[in-house]
Amino acid sequence: AIVAWGDEETAGVHTLYTRVVDADGAAVGDAVKIQESTDLYYRGLSLAPLGADGAGLAYWRYSEDFKTSEIVFRALDETGKPSRDEWVMATNAGASASVDVATDAVVGGVVWSRAEGSQGRQIWFQRIDETGQAAELFSGPGRSPALRIVNSPFRGVDVAVAKLLTGYVLSYRSLPTAKEPRAQIRLYFLDRNGAVIGDSDVSYTSESGGRTAVEAAYDGRVVIGWSQVNEDGKSELKLVRLPCIGG
């Protein structure tokens, strides 16, 4: 397995590391320094397998004033070292970005949330191949390999993704709009190309609480987790299991 984490070993120096561990959790070799900065922070790390031996690492990189706020993807080899240059999937991601990645043996998807202007909170999906490079979603000229799943007037944050046998399930926190005045946890079901084929309201929630979590089992069950802040100021962690047979 490969582990990734951010650290601050000395005051003002932020470092992103990976390290290989064996089946017993013991470290194999030295930690690999992926990136180091005195100006940028690394948050929201997500790892998934790539091909037979590698891994894909997605994370949010930002400065304290958020003038730099980027969604970054790194392809790693079996030692945890980058196998090629970083891929900046999104810039100007704002102050409330999130990112997640899910794969199987041959294909995967990266999702992220980003801000656009004072009101926009968008959610995007990018399909990747087994090497962690962009996979075209549709044929034809002028087609972008990234798809915008949530766009104005709707607003989404705290996105997560899980791989299904025939596509993906994506969870997120839907922020209040004129049509729906309360925040909700919602799901989107995507086909293998990233096109939306279904959606579901899961639960009302608070506007803040951090990234959601979603996992899928082979028997059709989907489990969604999230945290929320209640009106009494207490934080609460919730889980919901949904039957999605045939979805």
Side-chain angles (χ1 to χ4, degrees), residues 1-4 18 20 34 44-60 71-90 97-114 122-150 156 159-172 186-200 211-224 242 244-247:
I2 295 177
V3 181
T18 63
V20 176
I34 302 297
L45 279 61
S46 178
L47 274 168
L50 283 182
D53 302 309
L57 171 64
Y59 57 95
W60 175 31
I71 302 299
V72 183
F73 182 84
R74 303 298 299 262
L76 310 175
D77 63 20
E78 68 276 7
T79 68
K81 296 178 180 179
S83 56
R84 57 177 175 272
D85 292 341
E86 68 178 30
W87 177 8
V88 178
M89 290 185 151
S98 58
V99 61
D100 199 16
V101 57
T103 63
D104 59 21
V106 296
V107 73
V110 183
V111 295
W112 65 88
S113 63
R114 61 177 296 271
Q122 303 174 354
I123 289 177
W124 290 75
F125 173 87
Q126 169 69 61
R127 187 168 178 259
I128 57 175
D129 63 20
E130 70 276 9
T131 69
Q133 300 188 79
E136 290 293 336
L137 295 175
F138 304 102
S139 61
R143 290 287 192 179
S144 170
L147 291 177
R148 186 162 47 191
I149 306 299
V150 175
V159 66
V161 65
K163 189 73 180 67
L164 301 174
L165 287 176
T166 58
Y168 305 85
V169 57
L170 181 156
S171 65
Y172 71 101
R186 301 196 75 248
L187 289 181
Y188 272 119
F189 293 93
L190 312 180
D191 68 13
R192 65 182 73 249
N193 289 321
V196 175
I197 56 175
D199 65 285
S200 176
R211 189 173 71 187
T212 61
V214 60
E215 287 295 341
Y218 287 110
D219 63 1
R221 291 173 298 160
V222 170
V223 178
I224 308 99
L242 301 177
C244 302
I245 302 297

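The shortest side-chain heavy-atom distance between Leu170 and Val214 does not fall under the 4.5 Å cut-off. Between Ile128 and Leu50 the shortest side-chain heavy-atom distance falls below 4.5 Å.
In this structure, CG on Asp53 lies 12.5 Å from CG on Leu76, to the nearest 0.5 angstrom. Rounded to the nearest 0.5 Å, atoms CG (Leu47) and OG1 (Thr18) are 8.5 Å apart. Here the straight-line distance linking atom CG of Leu45 with atom CD1 of Ile34 works out to 10.0 Å at 0.5 Å rounding. Atom CD1 in Ile224 sits 4.5 Å away from atom CG in Leu187 (nearest 0.5 Å). With rounding to the nearest 0.5 angstrom, the CE atom of Met89 is 11.5 Å from the OH atom of Tyr59. Atom CG in Leu147 sits 8.5 Å away from atom CG in Leu190 (nearest 0.5 Å).
Between the side chain of Ser113 and the backbone N or O of Ser98, at least one donor-acceptor pair lies under 3.5 Å. The closest donor-acceptor contact from the side chain of Ser46 to the backbone of Val101 lies under 3.5 Å. Between the Asp191 side chain and the Asn193 main chain, a donor and an acceptor come within less than 3.5 Å of each other. Tyr168 places no side-chain N or O within 3.5 Å of a backbone atom of Thr103 that could act as its donor or acceptor partner.
Checked by atom type, the side-chain pair Trp124/Gln126 shows no donor-acceptor distance below 3.5 Å.
When every heavy atom of Ala135 is checked against every heavy atom of Asp129, the shortest pair comes out as CB-N, 4.0 Å. Between Gly44 and Arg211, the closest heavy-atom pair is O-NH1, 3.4 Å. Scanning both residues, Ser171 and Thr212, for their nearest heavy atoms gives OG-OG1, 2.9 Å. Contact record, Gly109 with Val161: O-CG1, 4.1 Å, taken as the closest heavy-atom pair. The shortest non-hydrogen separation linking Gly194 to Ile149 is O-CD1, 3.8 Å. Across every non-hydrogen atom of Ala90 and Trp112, the tightest pair is CB-NE1, 3.4 Å.
For Glu215, there are no salt bridge (Lys or Arg N to Asp or Glu O under 4.0 Å) partners, not counting sequence neighbours. Residues satisfying the salt bridge (Lys or Arg N to Asp or Glu O under 4.0 Å) test with Asp199, not counting sequence neighbours, are Arg186.
When ring centroids are compared, Phe125 and Tyr188 stay outside the 6.0 Å threshold.
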(request) Would you please test Val99 and Val110 for side chain to side chain contact (heavy atoms under 4.5 Å, CB included) and show each step? (result) CA-CA 7 Å; Val99 61; Val110 183; 3.9 Å; yes
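For residues 71-85, every residue pair satisfying the salt bridge (Lys or Arg N to Asp or Glu O under 4.0 Å) rule, not counting sequence neighbours, is listed here: Arg74-Glu86.
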